[in-house]
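First up is the structure itself, then whatever we jot down about it.
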Amino acid sequence: MATAQLNGAAILDAASFHAACKAALGFPDSYGNTMDAWIDCLSYLRDDDNMSKFKLKPNEVLDIVITDSAALAAAAPDLLEEVSYCVAGINDRYDDYGEKPALKLTLK
């Protein structure tokens, strides 16, 4: 399983979240630093579009691991809730296209 790790203790707000994701997930320089852009980049993990450094096989899953998630929950609870919601929505999008879910969110 492919894994991307984010340090929840270093994420204090949306700006630091997007900077961490760009680095850990290999988003392109054109990444818009918004949740819409985050969703777009993670919606094509099985395509050759270079929206992240990950290219998943048909049944492979990318595990996004957030360490120190309690610190992130304390600093930006709405952000953590939004990430969870977006992961579910992205997986629903994959399902709509007849594909297996591509994301797993692990909070440590």
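Along the sequence shown, residues carry numbers from 1. Just so you know, these numbers use all the heavy atoms, side chains as well, and skip hydrogens, waters and symmetry mates.
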Single-linkage hydrophobic cluster Ile39~Tyr44, side-chain heavy atoms < 4.5 angstrom: no
Is it true that Leu25 and Met51 fall in one hydrophobic cluster, defined by side-chain heavy atoms closer than 4.5 Å? no
Ignoring hydrogens, what is the shortest heavy-atom contact between [X] and [Y]? Give both atom names and the distance.
| X | Y | value |
| --- | --- | --- |
| Ala24 | Phe54 | O-CE1, 3.8 Å |
| Met1 | Val61 | CG-O, 3.0 Å |
| Asn33 | Ala37 | N-CB, 4.3 Å |
| Leu42 | Tyr94 | O-OH, 3.0 Å |

Pairs touching residues 1-20 that satisfy side-chain hydrogen bond (donor to acceptor under 3.5 Å, both in side chains), sequence neighbours left out: Asp13-Ser16, His18-Tyr31
So which pairs with a foot in residues 47-61 pass salt bridge (charged side-chain N to carboxylate O under 4.0 Å, His left out), sequence neighbours left out? Asp48-Lys55
For Met35 and Val83, run side chain to side chain contact (heavy atoms under 4.5 Å, CB included): C-alpha distance rounded to whole Å, both residues' side-chain angles, the deciding distance at 0.1 Å, then the answer. CA-CA 8 Å; Met35 288 310 290; Val83 169; 4.2 Å; yes
Is the shortest side-chain heavy-atom distance between Asn50 and Pro28 below 4.5 Å? no
Which pairs of donor and acceptor atoms, one on a side chain in residues 62-74, lie under 3.5 Å apart (sequence neighbours left out)?
unit_1, atom_1, unit_2, atom_2, d
Asp63, OD1, Thr106, OG1, 2.7
Asp63, OD2, Thr106, OG1, 3.2
Thr67, OG1, Leu6, O, 3.3
Ser69, OG, Lys108, O, 2.9

Chi angles and distances behind the side chain to side chain contact (heavy atoms under 4.5 Å, CB included) call for Asp29, Lys22: CA-CA 8 Å; Asp29 289 340; Lys22 185 174 180 180; 4.0 Å; yes
Which donor-acceptor pairs under 3.5 Å do side chains of residues 84-93 form with protein atoms, sequence neighbours excluded?
unit_1, atom_1, unit_2, atom_2, d
Ser84, OG, Leu80, O, 3.3
Asn91, OD1, Ala102, N, 2.9
Asn91, OD1, Leu103, N, 3.0
Asn91, ND2, Leu103, O, 2.9
Arg93, NH1, Ser43, OG, 2.8

Only counting residues at least two apart or in another chain, list the ones meeting side chain to side chain donor-acceptor pair (under 3.5 Å) with Glu99. Arg46
